[in-house]
Amino acid sequence: MRSSQNDKVKTLRGIAVSPGIIIGKARLVDRSRVKILYQYLVNEQQVSREVDRFKEALQGAKEQIAAIKNKIPEPLRKHAFILETHLLIMDDSMFSNATIQTIQSEKINAEWALKKSVQNIEKLFTQIEDRYIKERIVDVQYVAERILRNLAGREQEDLFEIKERVIIVAHELSPADTSSINISKVMGFITDVGGRTSHAAIMAQSLKIPAVVGLEIVTHHVHDGTLLIVDGQTGDVIIDPDDEEIILYQEKQIQRDKFESGIIRLSHLPAETVDSLRVTVEANIELVEEVVSAKDNGAEGIGLYRTEYHYLRSSNLPKEDELFEDYKEVAEIIAPDPVTIRTLDLGGDRISAGIGLSKETNPALGLRAIRFSLRETDVFKNQLRAILRASAFGNVQLMFPMISGLQELLDARAILEKVMSDLEKEGIDYDRRVRVGVMVEVPSAVTVADILAGHVDFFSIGTNDLIQYALAIDRVNEHVAYMYQPFHPAILRLIRQVVEAAGKAEIKVALCGEMAGDPLCAPILLGLGIKELSMNPARIPIIKKVIRTLSVQECGSDVEKILQLETASRVREFISAKMQPLLNELDQADLIHSNPDRP
Ligand code: PEP
Ligand code: MG
């Protein structure tokens, strides 16, 4: 989170998890933990009264959760299982019976006994290795919190009782909270905690309301009724904006709405240049949940399915079946269009607790991606089996990341052959003609692209890493971020070299780095001969719109001139001048600088 204006906090930046601009009054929802003020011993007669108090509070909590579950809005139905889990927790003997027994045996009040039960469960959870299950302790805490509120007679304001149009501001929102959101009243929400894949984030996307999480201290600076501007695209929250800021954002909102509804209407049309070159526009995804939004935005396939999530979320390695189910679902949803599943790209800034990668001095140059897979062959084979099995259910392509030369590719292919023959022996179905490609993202791979091309069905240029390695700029180091230049003549030459090698070998070449979603890069990439782009789903409508205004012939002759330019800034000037009218339109809607796929 970043904040500006030193003395008085005015603008906070959190994690933008669901897009849209909203301007409205804050409604502070108190979800602070109930403090147990009284822990006391009770006498024999009071024991049964405490047991009754607990039972009543428990029953009340069950009824509240059941009511929320019954009223759950349609877009959230698929998440109702979380509330069912909460009901199951309340029926669990470790939770309810244990509390009653503690009241009876230790003769203490209900709140204290409940706290002891939760502490015991927490202790058990600390011994669980699977990080995902371990994190489910929050569900036990949510439930306990609700019962404690009932015991304290403290009203738990249910969000569906909110009567005016507001922006919810909370430290944290539980699944029960987000399930009770009435979108005719709640404009959006912002929270102190949470991340991109938190329940609240996923719920906001399902409800299609703007949300920013991870603001850390927003609840300290906002009161009921404070005016707020929330930008769910950039993660900016402006507290108590002045008239100018309100007007600015109202305009942005109008521009964005107008622009987006215009392009979204057209996003399902093909991306065809004015001189009839058909460009394939696909989506980059990390979670199975993103496929639907990719399709909604007009994706013609998944050009990059990053598969690290299952390995990062848990300290245990994922099971083959778990991966298979996930890949199969993506393949089925996107079929007949293709999904390109990239094998593991762990290492670098993606460190998994379960895999025991040691800290390296230079992680980006260390045991990353295919290097890791070729060392941990069991992990690699497990994933390849899952991908191949999923290939029987759709149009699946397989891709190896960070290939730096032919030997690595041959080694990876040898393991793939072995996995294929194992599956054959076991009589397990897979697509025998599954297409295999490599990410071209290490400069040495560009130099030997002609050699690699003879051994694969396609290339996908990963410019995020290609820029990092070619220009020696750590992509996550803010001190050198200004040198991260997609328009650097070296980068443009590298791309051209890959396209030429692919052309000679008659294999396909796509580009899936962040450059693919940048409107200014589109004419250059088309001019360089790229006909397939894969990007963050949110960028697809804009890029399709840009492509429809271009002539590939003109892009080609512009690129000849661009390749003569000697610095990145001259290239940028050239292309900005060319694209000025379109840029003005995009800029007004603030759509140029808000690419969420920036590395
Ligand atoms: C890339 O390097 O350009 C790419 C798309 O892969 P990632 O960002 O996952 O490294
Ligand atoms: Mg990469």
Side-chain angles (χ1 to χ4, degrees), residues 196-197 280-287 290 294 299 301-312 339-352 357 362-373 383 397-404 408-409 412 437-446 449 452 458-477 481 484-488 490-492 494-495 498-499 509-518 521-522 524-525 528 530 532-540 543 595-599:
R196 212 171 82 75
T197 52
T280 307
V281 179
E282 300 178 315
N284 295 351
I285 63 161
E286 285 169 47
L287 304 171
E290 290 172 299
I302 304 298
L304 170 63
Y305 182 11
R306 294 180 168 109
T307 57
E308 291 73 48
Y309 172 73
H310 282 281
Y311 298 81
L312 294 173
V339 48
T340 305
I341 307 182
R342 180 180 72 185
T343 64
L344 257 185
D345 188 357
L346 284 179
D349 58 333
R350 303 173 181 127
I351 301 292
S352 158
L357 276 171
N362 265 322
L365 305 179
L367 191 63
R368 193 189 146 185
I370 197 68
R371 303 168 184 187
F372 168 80
S373 297
Q383 186 182 31
Q397 311 196 125
L398 195 151
M399 173 159 80
F400 301 123
M402 252 194 104
I403 292 288
S404 62
E408 251 169 351
L409 171 59
V438 287
M439 295 273 301
V440 180
E441 51 185 346
V442 179
S444 61
V446 178
L452 296 175
F458 65 92
F459 284 153
S460 187
I461 306 177
T463 47
N464 303 344
D465 278 313
L466 189 57
I467 297 172
Q468 148 162 282
Y469 295 124
L471 303 183
I473 308 295
D474 181 348
R475 64 193 263 190
V476 291
N477 182 335
Y484 195 91
Q485 294 166 331
F487 295 123
H488 194 296
I491 302 302
L492 305 183
L494 288 169
I495 297 174
V498 182
V499 175
V509 55
L511 190 142
C512 64
E514 181 256 336
M515 274 179 88
D518 186 335
C521 294
I524 302 182
L525 296 177
L528 285 167
I530 300 276
E532 197 174 322
L533 295 167
S534 190
M535 64 202 71
N536 185 293
R539 307 300 294 173
I540 292 174
I543 295 299
N595 186 349
D597 210 22
R598 267 174 207 280

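Both ligands and their constituent atoms are indexed starting at 1 by order of listing. In this chain, numbering begins with 1 at the start of the sequence shown.
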A.B. asks: Could you list the residues that satisfy side chain to side chain donor-acceptor pair (under 3.5 Å) with Glu408, not counting sequence neighbours?
C.D. replies: Ser404
A.B. asks: Below 4.0 angstrom from a heavy atom of Cys512, which ligand 1 atoms are there? Numbered from 1 as shown, please.
C.D. replies: 5 (C)
A.B. asks: Below 4.0 Å from ligand 1: does a non-hydrogen atom of Met439 turn up there or not?
C.D. replies: yes
A.B. asks: Can you list the atoms of ligand 1 that are under 4.0 Å from a heavy atom of Glu441?
C.D. replies: 1 (C), 2 (O)
A.B. asks: Closest heavy-atom contact between Ala516 and Leu525?
C.D. replies: CA-CD1, 4.3 Å
A.B. asks: Could you say whether the N/O atoms of Arg306 and ligand 1 ever approach to under 3.5 Å?
C.D. replies: yes
A.B. asks: Specify which N/O/S atom of Asp465 comes nearest to the Mg ion (ligand 2), by atom name.
C.D. replies: OD2
A.B. asks: Distance under 4.0 Å to a non-hydrogen atom of Leu304: what atoms of ligand 1 satisfy this?
C.D. replies: 5 (C)
A.B. asks: Please classify the Thr463 to ligand 1 contact at 4.0 Å (heavy-atom distances, strictly less than): side chain, backbone, both or neither.
C.D. replies: backbone
A.B. asks: Considering only NZ, NE, NH1 and NH2 on the basic side and carboxylate oxygens on the acidic side, decide whether Arg342 and Glu308 come within less than 4.0 Å.
C.D. replies: yes
A.B. asks: What's the separation between atom OG in Ser534 and atom CD1 in Ile461, rounded to the nearest 0.5 Å?
C.D. replies: 12.5 Å
A.B. asks: Does Glu441 put an N, O or S atom under 2.8 Å from the Mg ion (ligand 2)?
C.D. replies: yes
A.B. asks: Pull out every atom of ligand 1 sitting under 4.0 Å from any heavy atom of Arg368, numbered as shown with elements.
C.D. replies: 10 (O)
A.B. asks: Measure the shortest side-chain to side-chain distance between Pro443 and Leu466 over non-hydrogen atoms and say whether it is less than 4.5 angstrom.
C.D. replies: yes
A.B. asks: Under the side chain to side chain contact (heavy atoms under 4.5 Å, CB included) rule, collect the residues that match up with Thr340, sequence neighbours excluded.
C.D. replies: Gln397, Met399, Phe458
